[in-house]
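Here the structure comes first, spelled out in structure tokens, and everything after it is commentary.
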Amino acid sequence: MPTISPGPEAEPEPHRARQMAESFGVDAERYDRTRPPYPPDLVARIIAATPSPGARGVPGLDVLDVGCGTGIEARQFRAAGCRVLGVEPDGRMAEFARRSGVAVEVATFEEWDPAGRDFDLVVAGTAWHWVDPVAGAVQAARVLRPGGRLAVFWHVFQTPPEVTDATIAAFTRAVPDSPIDMRVMRQSMGADRTMADAYQPMFDKAAEGIRAAGEFGTPEQWRFDWERSYTRDEWLDQMPTHGALTRLRPDQLADVLGAVGDAIDTLGGSFTMPYATIAVTAVRGGA
């Protein structure tokens with residue numbers, strides 16, 4: 001899930017929040033262990049919709065993974081037969097990814113030097129909101145071969161109301177002066193409104209950046225719905241990897257996790273989470 005609230009009081013340019021953007025490596029092992037992979041259908045559709053370089057006599061796609069983190073989506077694309085290079089600003093996350101066999105260069109995407117290299121596909125998994133949406137799209141066009149594809153995607157999830165309320169209340173008590181507006185979680189709970197609706201402005205901003213780059217066709221938005229069950233311990237294990245919590249003091253984090261754990265206990269100790277994985281994607285012109 002994106003970690004900057006899309007509400008009206010949110011940071012309007014999350015890519016400038018560098019301390020949060022580069023805070024996830026504080027526990028890279030936990031991040032990799034608990035964050036879910038992306039739907040296989042998403043990976044398959046992106047690959048199928050990207051022109052094959054077979055005509056050049058090289059099977060598989062050359063993929064650049066922006067903000068690759070610990071390599072979760074990079075490993076998925078590699079397993080599907082792609083060659084993947086990651087770009088990651090946090091050296092701790094990059095080192096973890098390298099240990100899993102992913103080649104990674106440490107830099108922000110906007111400042112990364114491609115050194116003349118080009119790619120069939122540029123992807124970003126739950127990372128593009130940390131990239132300047134226009135400068136990032138311009139850089140993607142710079143490194144994509146004609147007809148290549150840019151595909152940026154996010155997990156959006158919706159916790160049960162009891163867990164949502166406990167999270168908001170506990171976080172607000174722990175960090176009353178936080179710039180992060182957690183209320184968007186509750187605002188998404190209406191009968192005809194989902195968390196994906198609440199985050200639609202962020203997806204629109206990605207599409208606007210792609211259009212502003214002037215190098216791509218019309219952006220498309222793809223959606224993949226799925227669900228995952230969590231026990232109390234599994235969800236509490238993932239929570240410290242969320243951007244709103246990565247920089248809390250141990251006592252503050254303990255208070256939040258304790259309150260959320262109590263809420264999950266009222267549900268019988270587990271719950272099923274609905275997920276939507278949303279992709280914003282476009283093809284570079286000049287094919």
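We number each residue from 1, following the sequence as shown. Not measured: the values here are computed from a predicted model.
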Stepwise, does the side chain to side chain donor-acceptor pair (under 3.5 Å) test hold for Thr164 with Thr159?
CA-CA 6 Å; Thr164 300; Thr159 53; 2.6 Å; yes
Steps toward side chain to side chain donor-acceptor pair (under 3.5 Å) verdict (Glu110, Trp112)
CA-CA 6 Å; Glu110 299 93 324; Trp112 173 69; over 6 Å; no
Let me see the working for Trp154 and Phe203 under side-chain contact (heavy atoms from CB on, under 4.5 Å), right down to the final yes or no.
CA-CA 9 Å; Trp154 293 265; Phe203 310 142; 3.7 Å; yes
Could you check Tyr38 against Thr126 for side chain to side chain donor-acceptor pair (under 3.5 Å), going step by step and ending with a plain yes or no?
CA-CA 10 Å; Tyr38 294 89; Thr126 315; 2.6 Å; yes
Show the numbers, then the answer: is there a salt bridge (charged side-chain N to carboxylate O under 4.0 Å, His left out) between Asp265 and Arg232?
CA-CA 7 Å; Asp265 286 341; Arg232 178 187 191 275; 3.1 Å; yes
May I have the step-by-step check of side-chain contact (heavy atoms from CB on, under 4.5 Å) for Trp222 and Ile46, ending in yes or no?
CA-CA 10 Å; Trp222 301 344; Ile46 291 172; 3.9 Å; yes
Can Thr281 and Phe153 be said to form a side-chain contact (heavy atoms from CB on, under 4.5 Å), step by step?
CA-CA 8 Å; Thr281 181; Phe153 41 88; over 6 Å; no
Kindly determine whether Val138 and Glu215 satisfy side-chain contact (heavy atoms from CB on, under 4.5 Å), including the steps that lead there.
CA-CA 8 Å; Val138 170; Glu215 298 285 346; over 6 Å; no
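Shortest non-hydrogen contact noted between Leu85 and Val104 is CD1-N, 4.3 Å. Closest approach of Val66 and Ala127 over heavy atoms only: O-CB, 3.7 Å. Listed here is the closest heavy atom pair of Gly86 and Cys68: CA-SG, 3.8 Å. Residues Ala97 and Gly71 approach most closely at CB-N, 4.0 Å, considering heavy atoms. Pairing each heavy atom of Gln76 with each of Val43, the nearest pair is NE2-CG2, 4.0 Å. Shown here for Met93 and Ala28, the closest heavy-atom pair between the two residues is SD-CB, 3.9 Å.
Between Asp237 and Arg33, at least one side-chain N (NZ, or NE/NH1/NH2) sits under 4.0 Å from a carboxylate O, which counts as a salt bridge. Arg92 and Glu95 are not joined by a salt bridge, as no carboxylate oxygen comes within less than 4.0 angstrom of a charged side-chain nitrogen. Salt-bridge formation is detected for the pair Glu105/Arg117: a Lys NZ or Arg NE/NH1/NH2 atom is positioned less than 4.0 Å from an Asp or Glu carboxylate oxygen. A salt bridge does not link Arg30 with Asp32: every distance from a Lys NZ or Arg NE/NH1/NH2 to an Asp or Glu carboxylate oxygen is 4.0 Å or more.
Counting only heavy atoms from C-beta outward, the side chains of Phe77 and Asp65 never approach each other to under 4.5 Å. With contacts defined as side-chain heavy-atom distances shorter than 4.5 Å, the pair Ser100/Thr70 does not qualify. Using a 4.5 Å cut-off on side-chain heavy atoms (C-beta onward), Met239 and Thr167 make contact. Taking 4.5 Å as the limit, every side-chain heavy atom of Val63 sits out of range of all side-chain heavy atoms of Phe119. Between Leu61 and Ile47, some side-chain heavy-atom pair lies under the 4.5 Å cut-off. At least one side-chain heavy atom of Arg35 sits under 4.5 Å from a side-chain heavy atom of Ile72. The shortest side-chain heavy-atom distance between Pro133 and Glu208 does not fall under the 4.5 Å cut-off. Side chains of Val163 and Ile264 form a contact here, defined as non-hydrogen atoms less than 4.5 Å apart.
The aromatic rings of Tyr275 and His155 sit perpendicular, their planes meeting at an angle over 60°, well past the 30° parallel limit. Ring planes of Trp128 and Phe109: tilted class, angle from 30 to 60°.
Residues Tyr230 and Leu245 are members of one and the same hydrophobic cluster, defined by side-chain heavy-atom contacts under 4.5 angstrom among Ile, Leu, Val, Met, Phe, Trp and Tyr. Follow the hydrophobic side-chain contacts under 4.5 Å out from Met195 and you reach Val280 in the same cluster. The hydrophobic clustering, which links ILVMFWY residues whose side-chain heavy atoms are closer than 4.5 Å, places Val134 and Trp130 apart. Hydrophobic clustering (ILVMFWY, side-chain heavy atoms < 4.5 Å, transitive): Leu236 and Met273 are in one cluster. In terms of hydrophobic clustering, with Ile, Leu, Val, Met, Phe, Trp and Tyr side chains grouped at heavy-atom distances under 4.5 Å, Trp226 and Phe271 are assigned to a common cluster.
Checked by atom type and distance alone, the side chain of Arg223 never pairs as donor or acceptor with a backbone atom of Thr277 at under 3.5 Å. Looking at Asp120, its side chain does come within 3.5 Å of a backbone N or O of Asp62 through a donor-acceptor pair. For Thr241 (side chain) and Gln238 (main-chain N/O), a donor-acceptor pair under 3.5 Å exists by modelled atom type. Side chain of Glu234 to backbone of Thr231: a donor-acceptor contact under 3.5 angstrom is found. Between the side chain of Arg284 and the main chain of Leu121, no donor-acceptor pair closer than 3.5 Å is present.
For the ring pair (Phe, Tyr, Trp, His ring centres under 6.0 Å) with His242, the qualifying choice from Phe171, Phe157, Tyr31 is Phe157, the only one to do so.
Taking CD of Gln158 as the reference point, atom CG of Asp197 lies at 9.0 Å (rounded to 0.5 Å). Here CD of Glu29 is found 8.5 Å from OG1 of Thr34. Values are rounded to the nearest 0.5 Å.
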List the atom pairs, donor and acceptor, that lie under 3.5 Å between side-chain atoms in residues 249-257 and the rest of the protein, sequence neighbours left out.
from, atom 1, to, atom 2, distance (Å)
Arg249, NE, Asp251, OD1, 3.0
Arg249, NH2, Asp251, OD2, 3.0
Gln252, OE1, Arg249, N, 2.9
Gln252, NE2, Ala174, O, 3.0

